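Below is one structure; the comments refer to it alone.
Every chain is numbered from 1 and lettered A, B, ... according to where its sequence line falls, protein lines coming before strand lines. Keep in mind that what you see is a predicted model, and the values were worked out from it rather than measured.
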Amino acid sequence: MKGFRLNIRRKIILAIYSAVFITVVSGLSLGYFWGFNLLRNSIGRERVEKARFIAFTAVDMINAKIEQLKTFSEEWAGAETGVKEILNNDESLSEIIITDVSGKLVAASAKITDSGLAEKNWWQAAFAEGKGRVFIGDVVFDKSTGAGSITIAFPLKDQAGKITGILKAVVSSEKLFRPLENLKSQKGERFILVNERGDTVFYSEAGGSKESFVSEDNFQKLLLLMNESGWEIMRGLHGEDKSFVAFVRVDQPFLLENKMLWKAFLEEDTREVFAPLKELILQWIIVTAIVIMIMVPLGIVISAVLTRPIEELNRATKEIGKGNLDYKIEVKSGDEIEGLADSFKEMVEKIKEKEMQILWAKMYVESIVSSMADAVIVLDTDGDTIKHVNKATEELLGYSQEELIGKVISLLLKEGYVVFKDKMLKLIMEVGSMRYPDFTVVSKDGERIPVSFSGSMMYEESAAGKIIGIVCVIRDMRQVRKLIANLERTKAALEEALRIKSDFTSMVSHELRTPLTAIKEGVGIVLDGSAGAVNEQQQDFLQTAKRNVDRLARLINDVLDFQKLESGKVVFDLQENNINELVKDVRETMLSLVEKKELDFQLLLDENIPLVKFDRDKITQVLMNVVNNAIKFTDSGGIIITTSRGENFIQVSVKDTGPGIKEEDMPKLFRQFEQLGKGIERKTGGTGLGLAISKEIIDKHNGKLWAESKINEGTVFYIILPIKERRAV
Amino acid sequence: MAKKILFVEDEVDLVKVVAFRLEKAGYEVCTAFNGQEALSFLEKDTPDLILLDLILPGVSGYDICKKVKLDPELKKIPVVLFTASAVHIQDALKETGADDYVIKPFDAESLLAKIKGLIA
């Protein structure tokens, strides 16, 4: 599985991880972000509610204080004492003044002048022209202590609801709202109650002594939102960067009646407030971690399942690539990869098949090469180094294959190497192949072996023109040389014998002629009576002698003719001739003979026969001979001579109605001294050379002479002469 | 006066029968059996025709014929060559300048006809 930086398994794992990571993590993140915001908002709202609750509680405390002070409304007697008692028992109250309905002082916690009370703001506001209402004054800070106090004034009423008097009380805001601190549930929680101007009505931390929030930029912004309620994260009162501040409007009717608007702030440590969010994040991390932990092995398993067939295929291709064609590919994935594997198997089968074929072809070629009787040497493309030799090479040169392969060919050529390299190799490379019938190689034990050397370029079959080496075929010529030498000797001896025979024949024939002439003349002289009268019997014997002398003379002539023809001493006088003319002449000459035997003699001549070059006398001799034979052997019927032309030859046929020639005698027909009709021949004085000479003459004209025959029907002799002039020997 | 024929032939028997024939035909026949004899004869006498065998012991028929045909006085004498071989006869005629030839074995009639043609 090596070799790939990012193999397919890793890719799939990566893909799975990426997909799962993106979906799960983004899904989780979205979910959690949503939940986070939800939780955050609900926490915010909860804190706002708490701030509202605290604010309302503060208002309730004012109301409770008013209800407590209303007990004075029934009876004025003892009011003075009651006021003092209340003041003594209630440290939040610092001053109480009670007047009647006319503004006349009824009771006061401290000594005050009883004049003009009805003119006071608080009195007028509480009396409200007889309708009566609760007056609440602005918070007032004591210059020395900084403590804030609030003036409350309200009408005292009888049971019928009739105003009996007005009660004014000054309440220490710090002391009045102190119990609010009990509502603090968390560490760092601070509660602030401010009026519409930003003055602190109550501040849980500093004993309500913080005079104003106006100077606090951040809170100023909130003050502008007097009609709103909500929460912010902002710089806190103690300088914390991210304080949580919930704010709420305190819209109490009696505050509104007095044109007053209070606002309550609940400042807390953001971390404390949003602690539940942390838990949520932790949960998110845990769930994500669990998902990833499940995903990692799952991804590995899935990718393994997906990639196993591919890896198997990869392994298989590598194995097969290495040449292990028998490797079993086991892919049972049931998908395209299995299909691919199947195709691959098929391909491997085909490769195996092809490999077998190649192997077989290789073996076939190798067995041919190794069984060759000639030495085969394959050289590299430069024609220098021996790449391959066959068995015959080892046998011829006495070197083993190992001794030759990788060596330079000069080892075998010795001094012939220069010629090989400079001339032969160049020609081989130029022409493609070259044969040197006369070359020498040197065997291991130094024998110089005459060889025929052929070299051919070896080309790669598929790549056109690519040379892959030079094949040298070296044939041992020792045996052949010996045979040639023997043959040459035999030939010379034979030629000598022929010459002797020819000379002998010539000599004998010539030597015979002179005495024959003397005999002939001698007989002639006696026979014609020049040397005196001869009787009839003597004449008959002399006739016999003369006939045989003539026959002997003809025989000698024929022998000499044939010998001359055979030895090529005859020079043909080749002229353009019309064969028809010759045939007519022959008929003329032979007519007397034919008439003597009462035979028909017909000519069927092709009048358009072309002129052909031949020796007129020699061809006449042939025709005479053939016609003479025909007449000789025919006793009834006749002779027909036909001339015709073929595509590139002319033909003369001589047909007779003689006895015919037996099939077995046909081969003898044209042989020397063969006389088929011995009796007739002797009687007619033939020499047995006529047809042999005729055939020789026709052969020398590049023509053909043959016979076809049927017993009791006759014989046809055919002569063919070529139209196109060829060199006659 | 009978025409004189010089017959040059080394075969005595042949000379005998041929001379008989020629004499019968009315010619005077002088014979020479070799080249030397023929040349000696020609120094003393002038025949009307020479019958000359090509193959002779000593001086050959070729040489004699050439000599005759180159001699201003003798060259008008017709020469008929004798030969046993027809092969080179045409060459021989050209070479020697002889007038005619006969090939052995010849028959008397044709020889006489040729002689008659040359010395009417």
Side-chain angles (χ1 to χ4, degrees), chain A residues 502-533 542-543 545-573 615 617-618 621 685 687 693, chain B residues 5 7-27 29 31-35 51-57 60-62 80-95 100-115:
Chain A
S502 174
D503 288 357
F504 178 77
T505 315
S506 175
M507 192 264 287
V508 167
S509 306
H510 284 114
E511 288 308 311
L512 282 171
R513 284 183 170 200
T514 308
L516 198 59
T517 312
I519 295 166
K520 195 180 166 182
E521 281 309 294
V523 171
I525 288 163
V526 179
L527 191 59
D528 65 11
S530 305
L542 284 171
Q543 281 293 354
K546 186 180 188 297
R547 199 166 58 240
N548 281 287
V549 168
D550 286 345
R551 190 172 152 203
L552 192 57
R554 275 205 304 281
L555 181 60
I556 289 166
N557 278 339
D558 281 0
V559 168
L560 277 170
D561 263 9
F562 187 74
Q563 189 261 324
K564 273 189 279 177
L565 280 168
E566 205 182 33
S567 60
K569 280 179 189 161
V570 180
V571 179
F572 290 100
D573 180 20
D615 186 311
D617 289 348
K618 292 290 186 295
Q621 189 185 339
T687 60
I693 290 168
Chain B
I5 295 173
F7 187 15
V8 189
E9 169 63 68
D10 57 334
E11 288 283 334
V12 182
D13 286 351
L14 189 61
V15 171
K16 194 171 130 193
V17 292
V18 173
F20 180 83
R21 274 284 191 198
L22 294 173
E23 278 161 7
K24 270 279 174 192
Y27 297 104
V29 181
T31 55
F33 294 102
N34 55 49
L51 273 175
L52 183 62
D53 190 2
L54 276 174
I55 314 295
L56 293 168
S60 76
Y62 289 95
V80 177
L81 295 178
F82 268 61
T83 179
S85 166
V87 180
H88 303 299
I89 191 63
Q90 295 298 337
D91 296 336
L93 281 176
K94 258 180 231 165
E95 190 188 336
D100 211 340
Y101 68 94
V102 284
I103 293 170
K104 296 173 187 175
F106 53 85
D107 49 67
E109 281 87 44
S110 63
L111 176 63
L112 286 170
K114 281 187 176 169
I115 290 169

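Heavy-atom pairs under 4.5 Å with chain B peak, among A:Pro515, A:Ala531, A:Ser530, A:Ala553, at A:Ser530.
You'll find the side chain of A:Arg513 stays beyond 4.5 Å of the side chain of B:Leu14, heavy atoms only.
For the residue pair B:Arg21 and A:Gly524, the shortest heavy atom distance occurs at NH2-C, 3.5 Å.
Considering B:Glu11, B:Glu9, B:Lys104 as possible partners of A:Thr514, the one that fulfils the side-chain hydrogen bond (donor to acceptor under 3.5 Å, both in side chains) test is B:Lys104.
If you measure heavy-atom distances from A:Asp561 to chain B, you find no contacts under 4.5 Å at all.
For B:Lys114, the NZ atom sits in a packed shell: over 12 heavy atoms of surrounding residues, nucleotides or ligands are nearer than 6.0 Å.
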